Amino acid sequence: MNNILNLSYTHLPLHLRACFLYLGMYPEDHIIWRDHLVRQWIAEGFVSSLHGSDLEDIGRSYFNELVNRSMIQPSKTEYGEVLSCTVHDMMLDLILIKCVEDNFLSVAYNSEDMARLMHGCKYNVRRLSLSSMAIGGATYEYDMAIAARLPQVRSFILFENPIPPFLWFKYLRVLIIVRGKDTVDLTAISQLFQLRCVMVRVDGKIELPTELGKLVYLETLDIQKCRLVKSIPSDIVHLPRLSYLGLPNCTDLPEGIDNMKSLRTLQEFDLEKISLKYIMGLSELTNLRELSVKKEFSLGTQKVDALAFSIGKLRNLECLRIFGCHLESENLQLGSLSNPFQHMERLCMRTWWFCRVPKWMDGLHCLRVLELQVETSTEEIHLLGELPSLVYLNFGAGKIPAERAILGTGLFLVLEYFYSSSRKDITAYLGFEAGAMPNLRILCLSVVHWGGTIPVGMEHLLHLQEIRLDGASHDVVCAFKEASLVHPNRPSVSRLGSSLEIMGRW
């Protein structure tokens, strides 16, 4: 088996070998998220741009190629897209053997591993994956011995606190801290001039340096899962290469967002904590691919209009999410745009009410995921049915029109997941003709106020596997179970307590 696995490795293209070996930074059974991994590859210089292609897209193609070659195992998959992976223990053993041979990376999960690393290796460490157990209780002399072996470390991943002195890692490019509940002090990273990527995923607080402006190569700052001790340093808006900025909830950002021209991803900040000028400044970030914002209370007409104006200028957006309480009847600007988002793949706007489905949505040919709330008519849902790439639809109807929406052949050709809700009985509104939704796997309905009927023509959904009922009574569940018995595919029927259980995080 080892020979077979080794053969798989030797047949890897050269551009994939370093990416594959880098997976040894993570312990056995650890879930590795694709986009996090790709940003680490980019920071290390493993992803090369060809003919002006986007580095993140190239990195994802590397990831997919490793999946297709069965070098890594898919963990979380959504509608054909692998979002995370794990590494089989035998494959991980192969990786670590190759890493020792090439001095590619070193791992230490206990004090014995660290002692072996310090005294059994004749080369300086280039990449280090470390558990806090490996350095716990170290003496001063031991600390000095460790530091002497670490000046060339390019990537450092730490599992659990405590954190060793950052000055050990003078030329560090990638810093990852995973797990832990204590305060993470990052004030010393301002001296690590080569830093490209900082990701901290802990339950505790995080303290940033008072100045970040010296980190001129910083591309990724991901601290979403933490709580800030102090506000974000004001000079963050002047970092020339920052492309990914993931912030904790309720973060108060400094003025000058319009200076951050290199940003591709911004998530997630609170609209209530920023000024009208700041919201208008978002319109200058024309390189943005992903934007997530949230609000807890009403913003007022001026801020809502400013947000709609700014979003409309971001023509390269691929993903837009707006969370929080509803923005009602204040969508004129966003509803009247002219085909603004030609590259949009995910649009999650359940908290932004529209009077009608905006006309510009019929031009979203790349759209795969849509969450939308409208005051609806039968034509509204038909317009969405013509989107050629839509696989996930979460559709909220403000009111139910008198006429039934009959969904027929030619609509929702690739849709796999359909969730529909309304203040009234949604089951009386939907009907399916033969050939409707030919790829639908999961049908979710909010049935709080039931009128005694079920959607007409469900037997025409030939690939239906599950029916999920949100907030339904026992009688509703029984009616759908009875209908499933005559369905050619015999889909399962289940009851959910809340729509939050089925919406997930997109």
Side-chain angles (χ1 to χ4, degrees), residues 34-61 154-155 172-176 186 189-190 192-200 208-209 211-224 231-248 251-269 274-275 277-293 307 309-321 340-346:
R34 178 197 64 187
D35 290 347
H36 296 170
L37 184 61
V38 166
R39 287 193 285 273
Q40 293 167 53
W41 286 346
I42 292 173
E44 276 273 9
F46 297 155
V47 181
S48 59
S49 178
L50 300 174
H51 311 296
S53 299
D54 182 81
L55 284 179
E56 290 190 13
D57 290 341
I58 296 172
R60 291 190 185 108
S61 73
R154 293 163 62 93
S155 285
L172 196 66
R173 287 189 173 201
V174 178
L175 172 62
I176 314 291
L186 296 183
I189 67 170
S190 60
L192 305 180
F193 305 121
Q194 295 292 325
L195 263 185
R196 267 102 166 138
C197 176
V198 177
M199 297 182 186
V200 182
L208 293 174
E211 295 182 354
L212 286 173
K214 296 178 182 179
L215 303 179
V216 295
Y217 297 107
L218 190 65
E219 299 167 347
T220 296
L221 180 61
D222 185 354
I223 53 174
Q224 276 184 268
S231 59
I232 292 286
S234 59
D235 61 349
I236 192 174
V237 299
H238 300 300
L239 293 177
R241 298 176 60 169
L242 190 65
S243 63
Y244 182 99
L245 181 57
L247 298 169
T251 298
D252 188 4
L253 281 173
E255 297 289 342
I257 187 69
D258 52 318
N259 293 317
M260 305 179 77
K261 308 291 187 185
S262 60
L263 270 186
R264 294 168 51 91
T265 299
L266 178 58
Q267 58 180 19
E268 55 188 62
F269 64 89
I274 59 178
S275 66
K277 180 181 177 181
Y278 183 104
I279 295 177
M280 293 295 291
L282 290 175
S283 64
E284 300 294 324
L285 307 183
T286 53
N287 283 317
L288 269 185
R289 302 295 191 272
E290 183 176 355
L291 175 64
S292 298
V293 299
L307 181 62
F309 170 81
S310 293
I311 290 174
K313 296 293 184 180
L314 306 178
R315 299 303 175 99
N316 291 313
L317 275 181
E318 297 174 0
C319 176
L320 172 63
R321 301 182 182 95
F341 308 120
Q342 297 302 309
H343 309 288
M344 186 69 73
E345 296 181 7
R346 297 182 179 226

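Since we're looking at a predicted model, the values are computed, not measured.
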Peer 1: Once salt bridge (Lys or Arg N to Asp or Glu O under 4.0 Å) is applied, do any residues pair with Lys214, and if so which ones, sequence neighbours excluded?
Peer 2: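 Lys214: no salt bridge (Lys or Arg N to Asp or Glu O under 4.0 Å) contacts found.
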
Peer 1: List in chain and number order the residues that pass ring pair (Phe, Tyr, Trp, His ring centres under 6.0 Å) with Tyr217, two or more places apart in sequence or in another chain; answer none if no residue qualifies.
Peer 2: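 Testing Tyr217 for ring pair (Phe, Tyr, Trp, His ring centres under 6.0 Å), a comparison that skips the adjacent residues, returns none.
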
Peer 1: Do the non-hydrogen side-chain atoms of Leu320 and Leu314 ever get within less than 4.5 Å of each other?
Peer 2: no

Peer 1: Keeping the roles fixed (side chain from Arg241, backbone from Leu239), state whether a donor-acceptor pair exists under 3.5 Å.
Peer 2: no

Peer 1: Between Leu263 and Asn287, is any pair of side-chain heavy atoms under 4.5 Å apart?
Peer 2: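 They are not in contact (no side-chain heavy atoms under 4.5 Å apart), so the answer is no.
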
Peer 1: So, Ser283 side chain and Met280 main chain: donor-acceptor pair closer than 3.5 Å or not?
Peer 2: yes

Peer 1: Check side chain to side chain contact (heavy atoms under 4.5 Å, CB included) between Leu55 and all other residues, then give those that pass, not counting sequence neighbours.
Peer 2: Ile42, Val47, Ser49

Peer 1: Can you tell me how far apart CG (Leu266) and CG (Leu247) are? Round to the nearest 0.5 Å.
Peer 2: 6.5 Å

Peer 1: Look up atom OG1 in Thr265 and atom CG in Leu245, then write down how far apart they are to the nearest 0.5 Å.
Peer 2: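 It comes to 9.5 Å.
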
Peer 1: Can you list everything that forms a side chain to side chain donor-acceptor pair (under 3.5 Å) with Arg39? Sequence neighbours excluded, please.
Peer 2: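 Not a single residue meets the side chain to side chain donor-acceptor pair (under 3.5 Å) criterion with Arg39.
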
Peer 1: Quick one: salt bridge (Lys or Arg N to Asp or Glu O under 4.0 Å) partners of Asp235, sequence neighbours excluded?
Peer 2: none

Peer 1: To the nearest 0.5 Å, tell me how far Leu221 CG sits from Cys197 SG.
Peer 2: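 These two atoms lie 9.0 Å from each other.
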
Peer 1: Has the side chain of Ser190 got a donor or acceptor atom that lies under 3.5 Å from a matching backbone atom of Glu211?
Peer 2: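 No.
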
Peer 1: Using a 3.5 Å distance criterion without hydrogens, assess whether the side chain of Ser243 forms a donor-acceptor pair with backbone atoms of Ser262.
Peer 2: no

Peer 1: List the residues meeting side chain to side chain donor-acceptor pair (under 3.5 Å) with Arg34, not counting sequence neighbours, and say none if there are none.
Peer 2: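 With neighbours one apart ignored, the set is Glu81.
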
Peer 1: Quick one, Leu291 and Leu285 - any side-chain contact, counting heavy atoms below 4.5 Å?
Peer 2: no

Peer 1: With sequence neighbours left out, write down each residue that passes salt bridge (Lys or Arg N to Asp or Glu O under 4.0 Å) with Glu56, or none if nothing qualifies.
Peer 2: Arg60, Arg264

Peer 1: Can you measure from CD1 (Ile189) to CG (Leu172) and round to the nearest 0.5 angstrom?
Peer 2: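 Going from the CD1 atom of Ile189 to the CG atom of Leu172 covers 9.5 Å.
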
Peer 1: How long is the gap from NE2 on His238 to CD1 on Ile236, to the nearest 0.5 Å?
Peer 2: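 Rounded to the nearest 0.5 Å, the NE2-CD1 separation comes to 11.0 Å.
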
Peer 1: Please determine whether side-chain contact (heavy atoms from CB on, under 4.5 Å) holds for the pair Ile176 and His36, giving the CA-CA distance in whole Å, both sets of side-chain angles, and the decisive distance to 0.1 Å.
Peer 2: CA-CA 10 Å; Ile176 314 291; His36 296 170; over 6 Å; no

Peer 1: Any idea which heavy atoms bring Ala43 and Glu219 closest together, and the distance?
Peer 2: CA-OE1, 4.1 Å

Peer 1: Would a 4.5 Å heavy-atom cut-off, applied to side chains only, mark Ile223 and Pro248 as touching?
Peer 2: yes

Peer 1: Show me, pair by pair, the donor-acceptor contacts under 3.5 angstrom made by side chains of residues 253-261, not counting sequence neighbours?
Peer 2:
unit_1 : atom_1 : unit_2 : atom_2 : d
Glu255 : OE2    : Ser275 : OG     : 3.0
Asn259 : ND2    : Gly256 : O      : 3.4
Lys261 : NZ     : Asp258 : O      : 3.1
Lys261 : NZ     : Glu284 : OE1    : 3.3

Peer 1: How close do Gln40 and Met199 get, counting heavy atoms only, and between which atoms?
Peer 2: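 Heavy-atom minimum between the residues: NE2-SD, 4.1 Å.
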
Peer 1: Glu44: which residues meet the salt bridge (Lys or Arg N to Asp or Glu O under 4.0 Å) condition with it, sequence neighbours left out?
Peer 2: Arg127, Arg154

Peer 1: Please check this pair: side chain of Asn316 against backbone of Thr286, looking for a donor-acceptor N/O pair closer than 3.5 Å.
Peer 2: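 Yes, the answer is positive, given that a donor and an acceptor are paired below the 3.5 Å cut-off.
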
Peer 1: Which distance, rounded to the nearest 0.5 Å, do you find between the CG of Leu242 and the CG of Leu215?
Peer 2: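 Interatomic distance, Leu242 CG to Leu215 CG, rounded to 0.5 Å: 10.0 Å.
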
